Amino acid sequence: MTRIGNSELDVRPLNLGGNVFGWTADEATSHAVLDAFVDGGGDFIDTADVYSAWSDGGAGISETVIGTWLAKSGKRDRVVLATKVAKKADRPGLGAENIRKAVDESLQRLQTDRIDLYWAHQDDPGTPLEETLGAFDELVTAGKVRAIGASNFTGPRLERSLEVSRREGFAAYVAVQNHYNLVEREEYERDARPVAEANGLASLPYWSLASGFLTGKYRPGNLPESARQGAAAKYLDQPRGLAVLEALDAVAAAHDAQVASVALAWLRQQPTVVAPIASARTVEQLPALLASMDLELSADELAALERASR
């Protein structure tokens, strides 16, 4: 178990992404994935009120599917549940009134009485930080939310937010959720990570497997059809992408592990990272994700992946 920043939330080191629920995984399949994830030792689920606005189910469908699973399975107390506010078309931004309405709507869709980790899904420069953080503080005080986090914030805005919370006595962000993986490193490591390290924040990176590229299933001359094919295939045109695949293959062979397990294990062992986010649209995709929680890479293996990813 790993603590999320200075919160009271302890989790296993893998965060199951809920963006596929109701999109590329129907309700029955989503429920099967959730059951297998928890029964396999996972306990941390990530979603957002906007997931998946691009699907036939529309915004809110992921929360709805998770909510029906929680009601049916009775496993609410076995999971740490995270969702987000700011990007849903009819609940945009981080104004106080919007946050108050959005959290109640998320609680209703999720069929629960509290959200363990509530994310600001993106920064809202048009709203004073005092207003946003004051509203989040109200939710924590009321027990609707246990802790808050900042997603897609720059380092300076994250630092400023923490300063406001300290000055006003508001609940403070305990975690950061930004884009970070073996082929996308520079921005997070240069910008937000120093702030997270200095303030004891946990990192829960999204796109941990680079839209599936770091599963190893996309290779030169082999591009399986999927909703994420285009996003993943672009890395095949980059020398770094091919170098990373080669390094991952070598480490995976040494551990008799899958490439996805190694990619997630590397990310988990980086400074500030507590639980990378990865999605599974089928039960069959879960074992490689779950295996990453217990896979320890040596210093030499970490260094080899480091070199390949530069």
Side-chain angles (χ1 to χ4, degrees), residues 1-5 7-21 25 30 32-47 66 69 73 75-82 116-117 147 149 174-178 180-182 188 196 201-210 212-217 244 247-302 304-306 309:
M1 302 295 286
T2 309
R3 177 66 50 100
I4 298 178
S7 73
E8 296 181 352
L9 302 173
D10 294 315
V11 294
R12 295 296 313 281
L14 176 66
N15 197 178
L16 183 67
N19 60 316
V20 298
F21 300 148
S30 300
V33 167
L34 286 160
D35 277 326
F37 175 70
V38 174
D39 294 344
D43 65 358
F44 193 10
I45 301 168
D46 178 86
T47 187
I66 293 170
W69 172 74
S73 69
K75 293 177 179 176
R76 176 64 184 94
D77 291 336
R78 293 179 61 183
V79 299
V80 172
L81 184 59
D116 297 307
L117 181 58
V174 300
V176 58
Q177 183 182 129
N178 285 15
Y180 185 39
N181 58 53
L182 255 174
Y188 175 70
L201 273 63
S203 173
L204 312 173
Y206 66 83
W207 290 347
S208 299
L209 292 173
F213 175 73
L214 295 173
T215 65
K217 73 177 181 178
V244 165
L248 284 170
D249 286 341
V251 176
H255 288 270
D256 192 22
Q258 295 192 44
V259 166
S261 304
V262 176
L264 290 172
W266 174 88
L267 192 53
R268 191 198 77 233
Q269 290 179 245
Q270 297 309 298
T272 73
V273 176
V274 166
I277 300 171
S279 302
R281 58 180 176 78
T282 66
V283 170
E284 289 72 24
Q285 292 176 339
L286 273 176
L289 309 187
L290 292 167
S292 74
M293 295 192 291
D294 300 311
L295 178 58
E296 294 295 330
L297 306 183
S298 70
D300 286 345
E301 289 167 336
L302 291 170
L305 292 166
E306 167 98 8
S309 64

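Start at 1 with the first residue, then count along the sequence. A quick note: this is a predicted structure, and the numbers were derived from the prediction, not measured.
No donor-acceptor pair under 3.5 Å is formed between the side chain of Q269 and the backbone N or O of L302. Here the side chain of S208 pairs a donor or acceptor atom with the backbone of I277 at under 3.5 angstrom. For the pair T215 (side chain) and A260 (backbone), a donor-acceptor distance under 3.5 Å is absent. Not a single donor-acceptor pair under 3.5 Å links the side chain of R12 to the backbone N or O of L290. Side-chain atoms of R268 come within 3.5 Å of backbone atoms of S292 as a donor-acceptor pair (strictly under, hydrogens ignored). The backbone N or O of A275 sits nowhere less than 3.5 Å from a side-chain atom of N15 that would complete a donor-acceptor pair.
Distance CG/L297 to CH2/W266: 10.5 Å, rounded to 0.5 Å. One distance of note links CG of L286 with OG of S279; it measures 10.5 Å at 0.5 Å rounding. The CD atom of Q258 sits 11.5 Å away from the CG atom of L295 when rounded to the nearest 0.5 Å. E306 CD to D300 CG: the interatomic distance, rounded to the nearest 0.5 Å, is 13.0 Å. Taking CG from L264 and CG from N181, the interatomic distance works out to 10.0 Å, rounded to the nearest 0.5 Å.
Taking every heavy atom of both residues into account, A25 and S30 meet most closely at O-OG, 3.1 Å. Summarising the geometry of S309 relative to V244, their closest heavy-atom pair is CA-CG2, 3.7 Å, with the distance given to 0.1 Å. Smallest separation of non-hydrogen atoms from A280 and V33: O-CG1, 3.6 Å.
Within the 4.5 Å cutoff, no side-chain heavy atoms of F44 are placed close to those of T2. In this structure, the side chains of D249 and V259 come closer than 4.5 Å at one or more pairs of heavy atoms. No side-chain heavy atom of V262 sits less than 4.5 Å from a side-chain heavy atom of H255. The closest side-chain heavy-atom distance from L34 to L16 is below 4.5 Å. For the pair T272 and Y188, the minimum side-chain heavy-atom distance is below 4.5 Å. Annotation: side chain of L204 is in contact with side chain of L117 (closest heavy-atom distance under 4.5 Å).
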Could you walk me through whether L81 and R76 pass side-chain contact (heavy atoms from CB on, under 4.5 Å), step by step? CA-CA 8 Å; L81 184 59; R76 176 64 184 94; 3.8 Å; yes
Check step by step if side-chain contact (heavy atoms from CB on, under 4.5 Å) holds for R78 and D39. CA-CA 10 Å; R78 293 179 61 183; D39 294 344; 3.9 Å; yes
Stepwise, does the side-chain contact (heavy atoms from CB on, under 4.5 Å) test hold for V79 with F37? CA-CA 10 Å; V79 299; F37 175 70; over 6 Å; no
Under the side-chain contact (heavy atoms from CB on, under 4.5 Å) criterion, do L214 and L267 qualify, and how do the steps go? CA-CA 11 Å; L214 295 173; L267 192 53; over 6 Å; no
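Residues D46 and Q177 have side chains that bring a donor and an acceptor to within less than 3.5 angstrom of each other.
Within 6.0 Å of CD on E296 lie more than 12 heavy atoms contributed by other residues, nucleotides or ligands.
Of the candidates L14, V11, D10, L9, V274 forms a side chain to side chain contact (heavy atoms under 4.5 Å, CB included) with just one, namely V11.
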